[in-house]
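In what follows, a structure is listed as structure tokens, so that the remarks can point back to it.
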Amino acid sequence: MQGELKKALAAAANKLFGENAEPEITRPEEKFGDYSTNLALQIAQKSGKDPHQTAQALAQKLEGLSRVKKIDIAGPGFINFTLTDEVLWKATQGSAQLSRPLEGQEILVEFGDPNPFKEMHIGHLYSYIVGDSIAKLLESAGAKVRRLSYHGDVGLHVAKAIWGMKTQPEGQELGSYYAVGSRAYEEDPKAAEEIIFINERVYKKDDEQINQLYEQGKTASFDYFDQTLSQLGVRTDKRYLESETITAALEFIHSNTPAIFKESDGAIIYEGEKAGLHTRVFINSRGLPTYEAKDLGLAELKHRDYPAVARSIIITANEQSEYFKVMLAALREFDKDLADKTTHLPHGFLSLTSGKMSSRTGDIYSARSLLRDVETTAKNLYPDTGTKTYLAAVKYGFLKHRLGSDIVYDVKESVSLEGNSGPYLQYAHARAHGILLKSDKTSAPLRDTSLEASERSLARKISEYPEVVERAVAELMPHHIANYLYELAQTFNRFYESSRIIGDERQALRLHLAKAYADILKSGLGILNISAPERI
RNA sequence: GCACCCGUAGCUCAGCUGGAUAGAGCGUUGGCUUGCGGAGCCAAAGGUCGUAGGUUCAAAUCCUGCCGGGUGUACCA
């Protein structure tokens with residue numbers, strides 16, 4: 001419908017004013033109509049004509065569009081369109097069936113990326129939930145998404161953890177071994193030496209005991225991650241390890257020096273400053289690749305494994321934004337096409353209203369603790385439903401915020417069945433489903449699809465869904481869906497307050513609306529990877 | 001110092017590809033209530049959209065300065 005209006009407007013503008021405009025169609029406030037355009041204002045500005053008259057002329061040209069009931073000029077020169085009830089009604093049927101503009105495209109989405117031997121903290125949890133939702137969003141548009149993750153399986157943090165494993169009693173959680181090793185490294189010079197020694201052994205794999213501890217720790221870590229991910233209902237398709245990228249990284253850098261990279265003080269660097277970025281070391285003076293080199297190696301590996309991708313998206317915290325610009329600038333000099341297909345999508349820093357934060361300041365709040373705390377809070381407040389809804393609480397609590405800025409998560413608010421929360425939407429779905437169940441299934445065919453005011457409001461809101469998803473896909477912003485679903489539920493509740501469904505003479509039509517509403521809740525929650533139970 | 005991000009109601013946030021009286025939730029105050037799951041609905045109070053300018057018919061939205069916060073800034077990831 002939007003597209004149709006656009007075309008008609010563009011044609012009218014061309015005929016009347018010789019303008020080749022790309023009209024913008026937006027959803028205005030309900031009292032103004034169903035669609036709106038400011039095209040007349042734009043044309044009037046360019047040509048110096050009166051905006052009202054311009055609008056009038058355009059509107060006249062558009063008279064007779066069969067699906068539009070009414071065209072009004074309002075305010076400074078907006079043209080508002082009111083659809084016929086029939087069109088609106090039709091739009092509500094099957095509106096949970098989304099268009100698939102990305103059909104068949106292969107898209108890589110990398111996210112999560114916790115390091116083995118360390119605790120998976122709430123920042124990782126946020127990244128997983130965001131990444132998974134982005135993946136679902138792209139899938140909803142037809143893309144074939146590969147969920148990837150990347151893990152630092154070598155480096156000092158590993159040696160610290162192994163040192164902890166060697167010196168501490170068995171049976172503790174891995175994260176605590178790392179914590180012990182990390183503290184010892186700071187405070188005890190002798191321990192630091194030992195850790196550096198262990199680090200070399202890990203690289204060279206020449207110490208049987210250390211090899212064993214390494215394998216043991218790595219396995220335990222990934223088991224632990226897998227458990228948490230399965231709890232979240234998040235899957236990953238392929239896991240890349242930092243150690244795998246080293247060869248590709250060194251080869252890549254060396255064969256592109258001095259063409260792209262330069263030697264400086266014994267290190268090999270990329271001069272980001274020439275592009276207004278930071279200059280960064282890619283191979284350090286001891287000949288070892290840094291993180292940036294390994295990420296280039298990773299890009300190569302991904303390219304090797306998935307040569308035909310349309311896009312590659314990497315989701316990390318925004319503290320890495322500058323770094324990724326440098327990395328991508330270097331990659332662009334080598335393979336412009338690949339670099340152009342690669343997007344870094346940063347998310348903000350997660351903290352809690354309780355003051356807890358992810359690891360930046362040192363005191364770690366683990367993903368698992370948060371999940372447990374949320375579950376406990378939910379169960380205390382709602383003994384009957386808490387266990388069913390706490391995951392929705394966490395996911396929705398994270399995803400309702402615009403991606404990119406820092407967010408503050410309030411456990412209590414997220415768990416609440418009132419207000420803008422995941423459990424509220426789950427409840428809304430269950431309630432709608434209850435109504436559908438209760439009705440007799442013999443839905444008489446509709447003869448008349450003219451709508452009463454409250455029905456029309458609901459139908460109008462329902463019909464927006466595909467547009468909202470389209471926007472969320474284009475912007476890679478799942479929060480649009482979260483906010484829409486909440487508004488939709490409010491609209492339904494308003495309708496429901498005034499309009500009886502079962503037993504009413506308008507039952508058939510209203511049931512259809514309720515069904516469309518429930519379907520959209522389910523579909524939208526699905527994109528956020530939140531379940532929509534039929535009963536709570 | 002330089003670069004990037006951010007500053008909207010008491011709190012947490014939408015709105016930012018310029019448009020019509022700046023919207024939600026929580027919290028506060030008042031009302032609806034023998035209900036198809038009221039876990040809801042209606043209403044009120046609460047905002048110089050950090051600040052000072054600029055561009056424009058039109059600025060929370062674009063540009064500049066300043067203030068405040070975050071992040072990054074050569075061999076960590």
Side-chain angles (χ1 to χ4, degrees), chain A residues 24 26 28-29 31-32 36 38 41-42 44-45 48 50-51 74-78 80 113 115 118 152 155-157 242 264-273 276-286 288-295 316-323 325-326 346 348-349 353 360 382 385 397 400-402 404-410 412-414 416-421 423-424 426-428 430-439 474-475 479-480 482-484 486-487 489-490 492-504 507 510-511 514 535-536:
Chain A
E24 262 178 54
T26 55
E29 279 177 58
K31 63 184 171 186
F32 292 123
S36 177
N38 62 0
L41 288 160
Q42 287 178 348
Q45 177 185 356
D50 178 67
F78 295 102
N80 294 322
D113 298 351
N115 284 336
K118 291 174 80 170
L156 214 50
H157 69 279
E242 199 181 319
S264 169
D265 291 341
I268 297 180
I269 62 164
Y270 177 75
E271 290 175 312
E273 261 144 49
L277 302 167
H278 297 134
T279 290
R280 280 183 167 270
V281 171
F282 278 65
I283 296 182
N284 69 25
S285 45
R286 291 185 314 173
L288 297 175
T290 61
Y291 185 59
E292 20 283 88
K294 291 175 204 162
D295 235 313
T316 76
N318 57 19
E319 59 197 347
Q320 294 187 22
S321 292
E322 288 298 295
Y323 149 76
K325 280 183 200 160
V326 178
F349 183 62
T353 44
R360 198 174 293 166
Y382 309 97
T385 63
K400 72 175 175 178
H401 296 118
R402 175 178 254 281
S405 48
D406 294 349
I407 70 167
V408 179
Y409 174 67
D410 185 333
K412 251 195 172 152
E413 187 185 295
S414 80
S416 172
L417 283 156
E418 292 165 34
N420 191 359
S421 76
Y424 169 87
Q426 287 186 314
Y427 177 75
R431 193 162 64 147
H433 194 264
I435 298 164
L436 295 172
L437 270 188
K438 201 161 184 177
S439 67
E475 297 180 10
H479 80 289
H480 288 309
N483 290 321
Y484 165 78
Y486 184 65
E487 287 168 17
Q490 282 182 311
F492 180 82
N493 282 332
R494 250 169 245 144
F495 156 79
Y496 185 65
E497 194 71 21
S498 64
S499 314
R500 192 170 174 87
I501 297 176
I502 293 173
D504 192 271
Q507 166 170 329
R510 288 177 179 176
L511 275 174
R535 232 182 297 258
I536 286 187

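A, B, ... follow the sequence lines: proteins, then strands. Residue 1 opens every chain.
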Give one of base, sugar-phosphate or nothing for [X], where a contact means two heavy atoms less than 4.0 Å apart.
{"X": "A/Ser36", "value": "base"}
{"X": "A/His278", "value": "base"}
{"X": "A/Asp504", "value": "nothing"}
{"X": "A/Gln45", "value": "base"}
{"X": "A/Arg494", "value": "sugar-phosphate"}
{"X": "A/Tyr486", "value": "sugar-phosphate"}
{"X": "A/Glu29", "value": "nothing"}
{"X": "A/Asn284", "value": "base"}
{"X": "A/Thr316", "value": "nothing"}
{"X": "A/Asn80", "value": "base"}

Roughly how far apart, to the nearest Å, are [N] and [M] at atom [atom1]?
{"N": "B/rC4", "M": "B/rG47", "atom1": "C1'", "result": "29 Å"}
{"N": "B/rG38", "M": "B/rC5", "atom1": "P", "result": "47 Å"}
{"N": "B/rC6", "M": "B/rG54", "atom1": "P", "result": "24 Å"}
{"N": "B/rA22", "M": "B/rA58", "atom1": "C1'", "result": "15 Å"}
{"N": "B/rC67", "M": "B/rC26", "atom1": "C1'", "result": "30 Å"}
{"N": "B/rG40", "M": "B/rA59", "atom1": "C1'", "result": "38 Å"}
{"N": "B/rG68", "M": "B/rC49", "atom1": "C1'", "result": "16 Å"}
{"N": "B/rG15", "M": "B/rU8", "atom1": "P", "result": "14 Å"}

Inset, instruction - Kindly say whether the aromatic ring centers of A/Phe495 and A/Phe492 come within a distance under 6.0 Å. - result: yes

Legend entry - Separation of B/rC5 P from A/Phe349 CZ (nearest whole Å): 20 Å

Inset, instruction - Rounded to the nearest angstrom, tell me the gap between atom CD in A/Glu413 and atom P in B/rC11. - result: 14 Å

Legend entry - A/Phe32 aromatic ring stacked with six-membered ring of B/rA20, 5.5 Å and 30°: yes

Legend entry - Whether A/Phe78 stacks on the six-membered ring of B/rA20 base, 5.5 Å and 30° limits: yes

Inset, instruction - Please state whether the base of B/rG40 and the side chain of A/Glu497 form at least one donor-acceptor pair under 3.5 Å? - result: yes

Inset, instruction - Report yes or no: is there a donor-acceptor pair, N or O only, under 3.5 Å between the side chain of A/Asp406 and the base of B/rG70? - result: no

Inset, instruction - Would you mind checking if A/Arg494 and A/Glu497 are paired as a salt bridge, meaning a charged N to carboxylate O distance below 4.0 Å? - result: no

Inset, instruction - Taking only the side-chain heavy atoms of A/Lys294 (C-beta and beyond), determine which of B/rA77, B/rA20, B/rA24 contains the nearest atom. - result: B/rA77

Inset, instruction - Select one nucleotide: of B/rC41, B/rC13, B/rA74, the one nearest the side-chain heavy atoms of A/Asn493. - result: B/rC41

Inset, instruction - Answer yes or no: does a side-chain N or O of A/Arg402 lie under 4.0 Å from OP1 or OP2 of B/rG15? - result: yes

Legend entry - Working for side chain to side chain donor-acceptor pair (under 3.5 Å), residues A/Thr290 and A/Glu292: CA-CA 5 Å; A/Thr290 61; A/Glu292 20 283 88; 3.2 Å; yes

Legend entry - Under 3.5 Å: donor-acceptor pair, side chain of A/His157, backbone of A/Gly152: yes

